Every structure is written in structure tokens, then in C-alpha cells.
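Okay, so here's the structure we're looking at.
Along the sequence shown, residues are numbered consecutively beginning with 1. All figures in this text were calculated on a predicted structure; none of them were measured in a lab.
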Amino acid sequence: EVQLVESGGGLVQAGGSLRLSCAASGFTFDDYAIGWFRQAPGKEREGVSCISNSDGSTYYADSVKGRFTIFSDNAKNTVYLQMNSLKPEDTAIYYCVADLFATAQAMGVMTYSFDYWGQGTQVTVSS
């Protein structure tokens, strides 16, 4: 059974940092692209960042470039999203996703549907 378990969300002041974790199980971690979407109330879902574990390529939305970093620990089957210089507009539920056939760039394709989703973790940034 495929599982994606997110953790690390919480409440932080603007300018602060959080690190999200996505622990994956039930599939061959090294073969998958794993990333993060976010959904804020009243806003469209946004693809934030993705890493292709097969070649290490990454994707970042323009809104987070220079502030967020995605990386994998293959020994732990875990993908991390380090979020620095957080802004109130980063407030959202963050969902971990995984897909066997996606590249990291697929995160930026609105019509692409990732196969597996986690339950989400809330990130709230206060001003």
C-alpha cells in the first residue's frame, strides 16, 4: 500500500522557517518524482516544488524560488521541503504527492495529475 505521510507543518511568524517532511512507503522511492502542492482557502491549488529521485532534477514555483529548497534522503525514503523567509501568503495546506512517470517539471503543468497524495499538513504564517 502506497503511503505518503507529511509532517512539520505549524504556525510561524513571517520571516521564519519550517521544514516539511514526506515519508514515503509502498513503492520504489528512487523511481518516483515526489513533490508538494499547496491549497489556500479561496485560491487555486499551486504546485510548489518537486524532485525527481531518478535524476535529481527539481522544480520550483516562481513564488518560492530562492526561499524554498527540496531534497531527498533516499536512505529514509523521505523528501523534505525547507521553507525559509516565510510570508503570510505561504499559508496553506501542503500536500505531498508522488508519481512514477512524472518529471520534476510536471509539477508546473496544470493538467498533470499525480498518482498519489498525502493527507496534508497545515502551514500558517502570521504577519
Side-chain angles (χ1 to χ4, degrees):
E1 179 188 3
V2 172
Q3 283 194 317
L4 300 171
V5 180
E6 302 102 330
S7 61
L11 173 64
V12 65
Q13 288 189 330
S17 298
L18 284 174
R19 178 178 290 185
L20 304 184
S21 300
C22 175
S25 61
F27 58 87
T28 305
F29 185 82
D30 292 356
D31 292 342
Y32 276 65
I34 299 177
W36 298 87
F37 280 96
R38 66 186 180 187
Q39 180 81 58
K43 295 185 179 180
E44 287 190 354
R45 187 184 69 195
E46 180 184 19
V48 176
S49 183
C50 189
I51 185 166
S52 174
N53 284 323
S54 61
D55 65 8
S57 60
T58 58
Y59 166 87
Y60 295 96
D62 287 343
S63 59
V64 305
K65 281 181 182 176
R67 300 188 297 122
F68 290 12
T69 304
I70 191 168
F71 58 99
S72 286
D73 184 336
N74 288 35
K76 295 182 178 180
N77 281 9
T78 300
V79 169
Y80 301 93
L81 185 68
Q82 178 66 42
M83 306 186 296
N84 298 329
S85 302
L86 283 162
K87 305 175 181 180
E89 50 264 44
D90 293 318
T91 295
I93 299 175
Y94 284 69
Y95 296 93
C96 180
V97 297
D99 194 283
L100 176 61
F101 298 106
T103 64
Q105 300 305 312
M107 179 65 67
V109 179
M110 291 295 292
T111 56
Y112 193 89
S113 178
F114 279 71
D115 283 340
Y116 302 109
W117 289 70
Q119 293 299 307
T121 185
Q122 176 71 47
V123 171
T124 303
V125 184
S126 62
S127 58

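- The two residues L86 and R67 make their nearest non-hydrogen contact at CA-NH1, 3.9 Å.
- For the pair T78 and A23, the tightest heavy-atom approach, listed with the atom from each and the gap, is OG1-CA, 3.9 Å.
- When hydrophobic clusters are built by joining Ile, Leu, Val, Met, Phe, Trp and Tyr residues whose side-chain heavy atoms come closer than 4.5 Å, directly or via intermediates, L100 is grouped together with V2.
- No side-chain donor-acceptor contact under 3.5 Å links R45 and Q39.
- Between the side chain of N77 and the main chain of F29, no donor-acceptor pair closer than 3.5 Å is present.
- Both I93 and W36 belong to a single network of hydrophobic side chains, linked directly or stepwise wherever heavy atoms of I, L, V, M, F, W or Y lie under 4.5 Å apart.
- Ring planes of F27 and Y116: parallel class, angle under 30° (limits at 30 and 60°).
- Clustering ILVMFWY residues whenever any of their side-chain heavy atoms sit less than 4.5 angstrom apart, transitively, puts V109 in the very cluster that holds Y60.
- Here the two rings, on F37 and Y95, have centers that are 6.0 Å apart or farther.
- Residues passing the side-chain contact (heavy atoms from CB on, under 4.5 Å) test with T91, sequence neighbours excluded: Q122, T124, V125.
- A donor-acceptor pair under 3.5 Å is formed between the side chain of D99 and the backbone N or O of D115.
- Under the 4.5 Å side-chain criterion, counting only non-hydrogen atoms from C-beta, C22 is in contact with L4.
- A salt bridge links D62 to K65: at least one charged side-chain nitrogen sits closer than 4.0 Å to a carboxylate oxygen.
- Evaluation of the salt bridge (Lys or Arg N to Asp or Glu O under 4.0 Å) rule for E6 yields no partner, not counting sequence neighbours.
- Here the rule is side-chain hydrogen bond (donor to acceptor under 3.5 Å, both in side chains) with S63, and of E46, E89, K87 only E46 fits it.
- What you find for F101 and Y112 is that their closest heavy atoms are C-OH, 3.8 Å.
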